[in-house]
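Report on the following structure.
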Amino acid sequence: MAENRRFLLVRRPQGTPEESDFALEASDIPVPPPGGLVIRNRFASLDPAQRGWMDDAESYMPPIPLGDPVRATTVGIVHASDNPDFAVGQWVMGLNALEDYSVAMPGGFTMAIDPDAVASPSNYLSALGAVGLTGYFGLLEVAKPRAGETLLVSGAAGAVGSAVGQIGKIKGCRVVGIAGGPAKCRRLLEDYGFDAAIDYKGKDHEALVAAIAEAAPDGVNMVFENVGGPVMEAEMFNLAHHARIVLCGLISEYNAPEKVGLRNLWQVLARRATIHGFLIADYAERFAEGGAQMAQWLAEGKLRMDEDVQEGLENAYPAFMRLFTGANTGKLVLKIS
Ligand SMILES: NC(=O)c1ccc[n+]([C@@H]2O[C@H](COP(=O)([O-])OP(=O)(O)OC[C@H]3O[C@@H](n4cnc5c(N)ncnc54)[C@H](OP(=O)(O)O)[C@@H]3O)[C@@H](O)[C@H]2O)c1
């Protein structure tokens, strides 16, 4: 008999998540509430942000309640509907959870998608979804790149970082990426067209500061920050005057038991730089506009977005952890069915 498997958060992780913080449980397939729908999830987005939602901490979204499935953006097919705007069989995307079937109500984030317009419906979780659009809006609306400027991207081989770097190239910037390991650095140069790549692994503070200085001798006009910690500290010593820093993510701190601060804020003052906190949710109403431009760049071969597709809800834990070991090669997606 068909059932609804759900990947539940049963204990709040202390530092690095453990497998026993989660449980896979089965329940009955839900029925749509009045005006709502039930979605058969096909792909789910695995995102660093989910780690923050597991903590009982003040943030831009409430924590995932213990015993609930882990919140996730998914794409899937309407399985049952009590809403005239969503027919059974229609493909949709929305903020749901790691489970086979999700209940969604109109007025939420649920929107129709066209699977025939893309190579795989999972593309709505990568290039055409919140992650690709984080790169698009974060760079274009906040950093506002000008041709000839130098853009430094951390977490550069990842989903957001690779998009940011390629959009920076489209806008005529010199793009320098920081990533972990020689293979990822090679991908920055060969697959994503970066001008320079820096492997942060095995480098102490001085070596990282020197490597950035060598790649950006006139200083960095824009920093797109995905990582924080020691990488960001080294970046601050290479700012050009009036540099713009887009603070998009701090993944190096997500599993740290105690949050750390930036120890050298003085550099921001001395270089008259600005740090701008960025959240993609603020651009939800402009997704169609950004998605159309990203789709055009993909079709023109100007943009490439790799996906790291892992299989099976039962593998949600090891798949999720790929984000924190750096094992993911592109946008991390879980194929649910
Ligand atoms: N503000 C927003 O609206 C928004 C939206 C989406 C994503 N984000 C943020 O953007 C960042 C990237 O997200 P993504 O989805 O594109 O993930 P991703 O970059 O595809 O994957 C995560 C990568 O982070 C790197 N990493 C993990 N632990 C690290 C550490 N301790 N130090 C340095 N690097 C580490 C690893 O790459 P290496 O192998 O290179 O270390 C890993 O592959 C995250 O910080 C995320 O929270 C923000």
Side-chain angles (χ1 to χ4, degrees), residues 4 29-30 32-33 35-47 49 71-141 159-160 162-164 166-167 170 280-313 330-337:
N4 184 21
I29 297 172
L37 51 144
V38 172
I39 299 162
R40 174 68 170 109
N41 291 315
R42 298 291 187 187
F43 295 94
S45 186
L46 295 180
D47 296 300
R71 185 186 297 138
T73 306
T74 68
V75 293
I77 295 172
V78 176
H79 169 78
S81 176
D82 186 51
N83 187 303
D85 293 336
F86 294 94
V88 170
Q90 161 78 60
W91 278 84
V92 290
M93 169 170 75
L95 189 58
N96 296 304
L98 297 178
E99 55 192 355
D100 286 319
Y101 295 87
S102 293
V103 173
M105 292 299 292
F109 289 104
T110 307
M111 62 178 85
I113 56 171
D114 177 6
D116 297 328
V118 287
S120 162
S122 59
N123 295 173
Y124 286 100
L125 301 176
S126 58
L128 305 183
V131 166
L133 296 174
T134 292
Y136 179 86
F137 288 114
L139 184 66
L140 299 186
E141 296 292 323
V160 171
S162 62
V164 170
Q166 292 174 87
I167 297 169
I170 290 170
I280 187 58
D282 296 342
Y283 292 85
E285 287 177 4
R286 294 180 60 190
F287 269 29
E289 167 201 333
Q293 179 61 84
M294 294 289 278
Q296 187 186 334
W297 284 333
L298 283 171
E300 291 171 352
K302 292 181 178 166
L303 181 70
R304 163 181 177 152
M305 175 71 86
D306 290 306
E307 293 181 2
D308 182 334
V309 181
Q310 301 293 307
E311 296 263 344
L313 198 53
K331 172 68 194 106
L332 187 61
V333 171
L334 187 66
K335 188 173 183 187
I336 291 183
S337 72

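Predicted, not measured: the structure shown is a model, and the values here were computed from it. Sequential numbering from 1 along the given sequence is applied to the chain's residues.
Taken from CG in L125 to CG in L46, the straight-line distance is 9.5 Å, to the nearest 0.5 Å. Between atom OH of residue Y101 and atom CD1 of residue I29 there is a gap of 3.5 Å, rounded to the nearest 0.5 Å. I113 CD1 to N123 CG: the interatomic distance, rounded to the nearest 0.5 Å, is 9.5 Å. Here L313 contributes atom CG and K335 contributes atom NZ; the two are 14.0 Å apart, rounded to the nearest 0.5 Å. Annotation: the span from F287 atom CZ to F137 atom CZ amounts to 7.0 Å, rounded to 0.5 Å.
A side chain to side chain contact (heavy atoms under 4.5 Å, CB included) with P32 is found for exactly one of V78, V103, D82, N83, namely D82.
A 6.0 Å sphere centred on CD of E300 holds more than 12 heavy atoms belonging to other residues, nucleotides or ligands. Other residues, nucleotides and ligands contribute more than 12 heavy atoms inside 6.0 Å of the OH atom of Y283.
S45 and K331 share a donor-acceptor pair across their side chains, judged by distance under 3.5 Å alone. E289 and Q293 form no side-chain donor-acceptor contact under 3.5 Å, judged by distance and modelled atom types alone.
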Dump the intermediate steps for side chain to side chain contact (heavy atoms under 4.5 Å, CB included) on L37 and Q90, then the final yes or no.
-> CA-CA 11 Å; L37 51 144; Q90 161 78 60; over 6 Å; no

Apply side chain to side chain contact (heavy atoms under 4.5 Å, CB included) to the pair N96 and T73, showing each step before the final yes or no.
-> CA-CA 6 Å; N96 296 304; T73 306; over 6 Å; no

Kindly indicate, with the supporting measurements, whether the criterion side chain to side chain contact (heavy atoms under 4.5 Å, CB included) is fulfilled by L303 and M294.
-> CA-CA 8 Å; L303 181 70; M294 294 289 278; 3.6 Å; yes

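Ring geometry for W297 versus Y136: interplanar angle of 30 to 60°, hence tilted.
Residues R42 and I77 are in side-chain contact: their nearest non-hydrogen atoms beyond the backbone lie under 4.5 Å apart. The shortest distance between side-chain heavy atoms of R304 and Q166 falls below 4.5 Å. For the pair H79/V88, no side-chain contact is recorded, criterion being any heavy-atom separation below 4.5 Å from C-beta on. Between W91 and D114, every side-chain heavy-atom pair lies at or beyond the 4.5 Å cut-off. When side chains are defined from C-beta on, F43 does not count as touching S337, because their heavy atoms never get closer than 4.5 Å.
Between P30 and N4, the closest heavy-atom pair is CD-ND2, 3.9 Å. Contact detail for I39 and A104: the closest heavy-atom pair is CD1-CB, 3.8 Å. Contact between L334 and G312 at its shortest, heavy atoms only, is CD1-O, 3.4 Å. Of all heavy-atom pairs between L98 and A44, the closest is CD2-CB, 3.5 Å. Between L133 and L128, the closest heavy-atom pair is CD1-O, 4.0 Å. Heavy-atom minimum distance, L298 versus A127: CD1-CB, 3.7 Å.
Counting only distance, with no hydrogens or angles, the side chain of Q296 and the backbone of A292 share no donor-acceptor pair below 3.5 Å. Listed for the E307 side chain is no donor-acceptor partner under 3.5 Å among the backbone atoms of V333. At distances below 3.5 Å, at least one donor-acceptor pair connects side-chain atoms of N41 with backbone N or O atoms of E99. Between the side chain of S81 and the main chain of F86, a donor-acceptor pair closer than 3.5 Å is present.
Ion pair D100/R40 flagged as a salt bridge, since at least one NZ, NE, NH1 or NH2 atom sits closer than 4.0 Å to an Asp/Glu carboxylate oxygen.
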